[in-house]
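Here is the naming used below: chain letters follow the sequence lines, and residue numbers restart at 1 for every chain.
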Amino acid sequence: MSRDSARGYCQYNICRGERNYSCFSSPDFYSSLGLEDFLSVGDTSGAEEDTDLAILYGTLRGSVVGLRYYTGIVNNNEMVALQREPNNPYDKNAVKVNNVNGDQVGHIKKELAAALAGIMDNKLALIEGVVPYGAKNAFTMPVQMSFWGREENKEAVLDQLKRHGFKLAPPLKVGSECGFGSKWISGRAGPSYSAPVHAAVQLTTEQLKSEFDKLFEDLKEDDKTCEMEGAEAVGTPLLPHQKQALAWMVSRENSNDLPPFWEERSNFYYNILTNFAEKKRPKNVLGGILADDMGLGKTLTTIALILTNFQDSKPLPVEKITSDKFYEKYSDDGPRATLIVCPLSVLSNWIDQFEQHIHQDFRVNIYVYYGSDRSKDPSVLSEQDIVLTTYNILATDYGVSDSPLHKVRWLRIVLDEGHTIRNPNAQQTKAALNLEGHRRWVLTGTPIQNSVKDLWSLISFLKLKPFTDREWWHRTIQRPVTMGAPGGLGRLQSLIRSITLRRTKTSKVKGKPILELPERKVLIQHVTLTEEERQIYQSVKKEGKAAISRFFSEGTVLAHYADILGVLLRLRQLCCHPHLCINASSSFSADNKTSEELPETLVSKMKLVLSSGSDEECAVCLESLTLPVITRCAHVFCKPCIFEVIRSEQPNAKCPLCRNELRVEHLVECPLEEEIDSSNGKKSDREWISSSKINALMHALVELRRDNPTAKCLVVSQFTTFLSLIENPLKESGFAFTRLDGSMAQKKRVEAIHCFQSSQAGSPTVMLLSLKAGGVGLNLTAASRVFLMDPAWNPAAEDQCFDRCHRLGQEHNVVITKFIVKDSVEENMLKIQNKKRELAAGAFATKKPSASEVKQTKINEIKALIDL
DNA sequence: ACCGCCGGGTGCC
DNA sequence: ACCGCCGGGTGCC
């Protein structure tokens, strides 16, 4: 794919001269989103993975032999790794001993190896070694081994050892694994420690989480307060905290410091965690984790970094269009291109932000590596300034021999929403770890999702020695922290501190809050239906209520979940406009075959409910659905959530809501907001009529235009057909408007956003927005008014939508109007929303509700919604 | 002496 | 390895 054809594609760029964009989109990409990623979530393959449950069985002294045949050296008290070598021609029981660097030191003596082989092969225990002394020995050296495993395997391990004449010493006096820098009891070295390791108090996930929050809190007051101006090509002035971040990132990239936990000691570099030493200076990562809260401008800061620090704080040499002179080309054929990997949902945000923040006088070459016709030529990518791609493309390409992503040596690699790679077994994680480039960055607002485990992939991506190998990460950081070993958390903290910058929305720069957002007000405007509308509404309600009460008396509420949602959906639609409810009578067939409906029928009903824009939530994670799938019993969950349920309950998984059989093969995927307009798009067939809600909206819009002709607003609905109906009066009243919904192609979206954000005269003042369109990054700060046409189940979804204009860059107070029909399901929804808000506010301390609690909540909600 | 003892050769798994 | 072990050389006092 040549750059020229790429350029031709980017219509929206024409006003910006010759900046190169290339962007492709193709639906075939979605089909590559396989199940493997979810099936491997939390992979547990015996002792090695299930490390949280491991206890220390005991210790044993053995010997390492054959030192003179290998180059690997160890220090006294240095950790070593034991590795099975089943294909050794001399002994099938062979066990290799490697140092921290992975160099072989020797073998475990054969009699002992014979005892260990079975234990290791059956993953009955994890065996870890430390060489207490004898580092200078020429032929053999001692090794102190600790045996870790799950309680239930302990007997088997002890038996196996006994059969070979070995016996574990009790796990009492252990220092080095959990204490900080302490030593093994070796008869001649170190103080003795009596911490009973297996009895250490394990922190709960909650406790850990709050510890981590503190851990990041402490970072704020750090010395990372130096500021730096962006290069000329950065078109947006940076805020003080962004200048701080830029200064920090630049200093990280140009840093010559040793990585954390390394010290220089007379010609050697010494790792204080593992006691490993080597002559070669260990590389520090020229990067780190930018963990600022959402909305603080990580994207802008990253763009500034790319433009400002090409080499040694010199800016990226880019052509200045308005002058004859080119930037001085650095005579260096080193890597030039920065690779940015992000989730698909924020791809357009990046493009938009380039557009916004790169000064228009400069030409920066940007290539969007996405779509089936993406270039296979590495040199096309390496010649760019910036290459943008998604995690899924990265994963799909991984292992494909001609993938240019993995051939190019990048100047810099940036993983946006970096927590996406927290599962070490996922394809995208493996693919990310294999990218080539010295400057490596992770952007994330949530560095720790569930546990310390989540951090390993990130740290590994940053290539910090020795943590790229999971064993060393586990022994020196993860286990000490989760077992509550003294110093463990402190160790993690100093690691994080040295590579992370995190500020929250409440952080301060020089005593002033980082973000001073304008005020945000939410008004509720009640709407009264006309007599005619009310009649239709009441008749549908009466019929639905009767059916639902019958389900209650039969006790079949959850089996009819799709039907009930259907009823509620129609009522919600009727609150907006009678035409939304096209199949008011046809889809409700409760009369004849109530309890024995075909699963296919139920599923298609649910599909209809979802694709009409209903914002259902997942009963497992309680969040809005991501990648919704429908079970055979017609309940919806996020795909990752339900796969986790199936995995953990196999082989007989049951639906969390109704306990019906649950099988992967029966799950039906359901894209939200499918081409609704094409299926429901018979709008021209019917004569257009208004509705009470539309009247209320138009009245407000006209009033707004009269008072402030340039004010921009968002008109938000969950129903894209409703948005289409609103187009009509907008046209009639002469509003310039644009539209953004989930069914639009990438390039159309970008165009719509760009148009709307423009301050040019004649640019649209109204945007019709579907509630869930666009990802978190969607920036619609041009709007200062929001009209929410219909309430969502989940108040968080509404808030997220409001945040698209109430965020960094908003200069006006934001007023949000929610239209709520009086005496309707909408009013009941408001009540439920309030309850949820209260719950969420106090939720951090409380545990996750059980499946039955979720069920009961759902049932109560249904009752409340239909006035039962 | 089908032993003991000596001293050289040798050395992971 | 300044060990252990092996196997050849050797053989009263």
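Between A:Glu278 and A:Lys465 there is a salt bridge, with a side-chain nitrogen of the basic residue lying less than 4.0 Å from a carboxylate oxygen of the acidic one.
Atom CG of A:Leu112 and atom C1' of B:dC13 are 13 Å apart (whole Å). Note: CG (A:Asn137) to P (B:dC12) measures 16 Å, nearest angstrom. For the pair A:Lys110 NZ and B:dC13 C1', the computed distance is 8 Å after rounding to whole Å. C:dC3 atom P lies 20 Å from atom CE of A:Met141, rounded to whole Å. For A:Lys109 and C:dC5, the NZ to P distance is 10 Å, given to the nearest whole Å. Look at OH on A:Tyr90: it is 12 Å from P on B:dG11, rounded to the nearest Å. In this structure, CG of A:Leu82 is placed 14 Å from P of B:dC13, rounded to the nearest angstrom. For the pair A:Arg68 CZ and B:dT10 P, the computed distance is 12 Å after rounding to whole Å.
Residue-to-nucleotide contacts include no donor-acceptor pair under 3.5 Å from the side chain of A:Asp91 to the base of B:dC13.
Counting non-hydrogen atoms under 4.0 angstrom, A:Ile108 reaches the backbone sugars and phosphates but no base.
Taking atom P in both B:dG8 and B:dG4, the straight-line distance is 23 Å, to the nearest Å. Nucleotides B:dC6 and B:dA1 are separated by 15 Å at their C1' atoms, to the nearest Å. To the nearest whole angstrom, the two C1' atoms, one in B:dC2 and one in C:dC13, are 25 Å apart.
In this entry B:dA1 has no Watson-Crick or G-U wobble partner, no candidate having both defining distances under 3.5 Å.
A donor-acceptor contact under 3.5 angstrom links the side chains of A:Asp377 and A:Ser379, judged on distance only.
The six-membered or imidazole ring of A:Trp410 lies away from that of A:Trp441, with a centre-to-centre distance of 6.0 Å or more.
At least one donor-acceptor pair under 3.5 Å links the side chain of A:Asn275 to the backbone N or O of A:Asn77.
Both thresholds, 5.5 Å between centres and 30° between ring planes, are not jointly met by A:Phe139 relative to the base of B:dG11, so the two rings are not stacked.
Results of the side-chain contact (heavy atoms from CB on, under 4.5 Å) test with A:Leu82 over A:Lys96, A:Glu128, A:Glu471, A:Met145 single out A:Met145 as the only residue that passes.
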